[in-house]
There are 2 protein chains.
Amino acid sequence: MTGERTATLDDVARAAGVSRATASRVVTGQGPASPRARDRVTAAVAALGYVPDASARALVTRTGTRLAIAVIGHTAAVLDDPYVGRVLISAAHVAAEREVGVSLHWLPLDDPGSLARLADGRGLGGLVVVNPTRPALESVPRTLRGRVAAVGVGARHVPSFDVDNRAGTDGVVRHLVRTGRHRIAMVTGPAWLPCCDRAVDAYRRVLRDSGAEPRIVHGDFTAARGAEAATEIMARWPDTDAVFALSDLTALGVLDGLHALGVRVPGDVAVAGFDDIAFAGLSRPALTTTTHPVEDIAAAAAQAVLDRRDTSGATFYPSALVVRDSA
Amino acid sequence: MTGERTATLDDVARAAGVSRATASRVVTGQGPASPRARDRVTAAVAALGYVPDASARALVTRTGTRLAIAVIGHTAAVLDDPYVGRVLISAAHVAAEREVGVSLHWLPLDDPGSLARLADGRGLGGLVVVNPTRPALESVPRTLRGRVAAVGVGARHVPSFDVDNRAGTDGVVRHLVRTGRHRIAMVTGPAWLPCCDRAVDAYRRVLRDSGAEPRIVHGDFTAARGAEAATEIMARWPDTDAVFALSDLTALGVLDGLHALGVRVPGDVAVAGFDDIAFAGLSRPALTTTTHPVEDIAAAAAQAVLDRRDTSGATFYPSALVVRDSA
DNA sequence: TATTGCGGTGGAAGCGCTTCCATGTATGGG
DNA sequence: CCCATACATGGAAGCGCTTCCACCGCAATA
């Protein structure tokens, strides 16, 4: 099996009785090759267990071989949320299928140049930006045009993939209204994340339809912040009868904060989240939420980048309402 | 900044007025170089924004540049558990710091040859095996000796890094005993995972000391299985007054199953988990558990591999008891 | 039959880098 | 003052691969 020395394309060519050029054509599938040559090379490849050397190939094709995943706005809390892990797993999976390496980069929020620097190096096959901000996205050099995609909606000129959080939010908030809630507060994400805007917009719209005033508090997608937010909301608008958080983790925190306040859920206040993480069904009361197909989204972004598909514009993935006990 | 063509070592050498050989020596830090040459090359590198081409370097040094992370025994449920995500994030972080790419591989449990095949290709700088099984670990070719590490304890001849689940389990079960529980059941991990053995062993030992019979049920680290296990346990040993699960996710499932059975926690039955995931503090009742420094462990494994450190033997990381409400 | 066109093929160049080796150039001891 | 020693340096080879280009033989056309 594993000989002393791994077989090279030369070995294959020699074994197949053709030139290295022909062997290369057959192996890559590019360029003409007679059926006879094709068969012989294929056989030789199998016999020798030939595996092309990615470095050598990358060197000559100048086709970067690494998929960089950049997470913008990194804080330690990011690790608690399954979100980044799921994005990473899914993107890495796509990359692995194509024998492409992955590198992960945590980028600070306040240094947009860091993305540009990251993209500077060669050997970069593509870039997936998680939590895209407009300045960051605009800082990536146009050399990479067509090889960048975002998970989450950011700037216009980079293809981005995200859950349809406008529709998702609409669904959740309408469900709240339908079940008799009218004084609904919302805990959004951090202000710098453009993709929250659409959700906030949807929330505002539904409330306007039902003639209610928006009650918005900013969050950061952590549970701790959710607990705080619950306290803030109940202090500021004591008659609140529902809280919608743009993240399940935050919603779970809201549940916790409300419990500490002695508020009953869903009796006094209904709570709904967003993401449908594994734990949403495990909380007491089980969390009503709406799905977030993170894996699909991340895979799509990775594929777009790896295929050099220049699909600018945003693609939205549907979110489905999951009604449990909390709302 | 980003010129039309990225600078090559030749450009640097020319700008510095030295030969490419000298430039290479300075850049890599290998081999002799006069202070003068060193300065001039360093300046040229900075001026031109030179970044070495990883592919070209890898091609000639034959030093693989990819860190492969193989997760053995893949099922869809793996994605629900934050565990793999955290391992991956941490290992990828270490790899990124050293400018090494990462590739992720899901391997089926029943095909030990797959690991060998994975390791066959060139360009592989190292291999981190998650959920190591003995046969899998023994199937990796000795060519990679010193470049393989395991997250979780498996075979002897590969350095492995894991939480000290013997001590962790001991701590949790003793806590249970200390708080008056004596009919303690345990939900372990899947039978094929060798690293569970130590935990089961510790559990048995504590029970023997307190003169109780072990009550062991196999799990698979999922919440769904936890709920099932709770039902099984209460049916088989109705007088059970505590359940210890080797995974928080499972413990959360146990909580759920017990709730469905109308059993009060911790009134009737105490429940404890293992891992201290972010949600452990958010369940109702909040889960008593013991910590699992996944990030440290994964980083250590990645470092060992990338440094070609041949530290065979197992390294254990301490686990700390976290007492909350459920036990 | 002579000419064109074309698919298949091999020779050879070269991607950017490291490293062996031979060639200087200063240094110390004899 | 000369030679051995060390160190610094540049030339050149070569890692494994893709791809340009020239070439060859064949079938189709004039």
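These numbers come from a predicted model, not from an experiment.
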message = Treating B:Arg25 as the side-chain partner and B:Gly31 as the backbone partner, does any N or O pair qualify as donor plus acceptor under 3.5 Å?
response = no
query = Where is the tightest heavy-atom contact between A:Gly126 and A:Val305, given as atom of each residue plus distance?
reply = CA-CG1, 3.3 Å
side-chain hydrogen bond (donor to acceptor under 3.5 Å, both in side chains): pairs with one or both residues in residues 26-36 of chain B, sequence neighbours excluded = none
query = Would you say D:dT18 has OP1 or OP2 under 4.0 Å from some side-chain N or O of A:Ser24?
reply = yes
request  = Examine distances only and state if a side-chain atom of A:Arg40 and a backbone atom of A:Ala16 form a donor-acceptor pair shorter than 3.5 Å.
outcome  = yes
Neighbours of DNA chain C within residues 34-44 of chain A, by heavy-atom distance under 4.0 Å = A:Ser34, A:Ala37
request  = For A:Ser19 and for B:Ala23, locate the closest nucleotide of DNA chain C by heavy-atom distance; then report the residue assigned to the nucleotide nearer the 5' terminus.
outcome  = A:Ser19
ask   = Between A:Arg20 (side chain) and A:Asp10 (backbone), is there a donor-acceptor pair under 3.5 Å?
value = no
query = Tell me: CG of A:Leu9 to C1' of C:dG10, nearest whole Å?
reply = 13 Å
query = For B:Leu59 and B:Thr22, take the nucleotide of DNA chain C holding the closest heavy atom to each; which residue's nucleotide lies nearer the 5' end?
reply = B:Leu59
task = Consider the side chain of A:Arg25, meaning its heavy atoms from C-beta on, and name the nucleotide among C:dT18, D:dG10, C:dG11 that approaches it most closely.
result = C:dG11
note = Between B:Asp162 and B:Val153, the two heavy atoms sitting closest are OD2-N, 3.4 Å
Nearest-angstrom distance from the residue atom CG of B:Asp53 to C1' of D:dG16 = 14 Å
key: Taking every non-hydrogen atom, the tightest pair across B:Ile89 and A:Leu104   = O-CD2, 3.8 Å
B:Thr8 vs C:dC17: side-chain N/O to OP1/OP2 distance below 4.0 Å = yes
Atom-to-atom span, CD of B:Gln30 to P of C:dC17 - whole angstrom = 16 Å
note = Computed from five pairs at either end and rounded to 10 degrees, the angle between the axes of the helix from C:dT1-D:dA30 to C:dG30-D:dC1 is 50°
request  = May I have the distance from A:Asp10 (atom CG) to C:dA12 (atom P), rounded to whole angstrom?
outcome  = 14 Å
note = Closest of D:dG10, C:dG11, C:dG14 to the A:Ala21 side chain is C:dG11
message = Measure CZ/B:Arg20 against P/C:dT18 and give the value in whole Å, please.
response = 10 Å
note = Shortest non-hydrogen pair, B:Val18 vs B:Ala23, comes out as CG2-N, 4.1 Å
task = Check A:His292 against A:Arg86 and note the closest heavy-atom contact, atom names and distance.
result = O-NH2, 3.8 Å
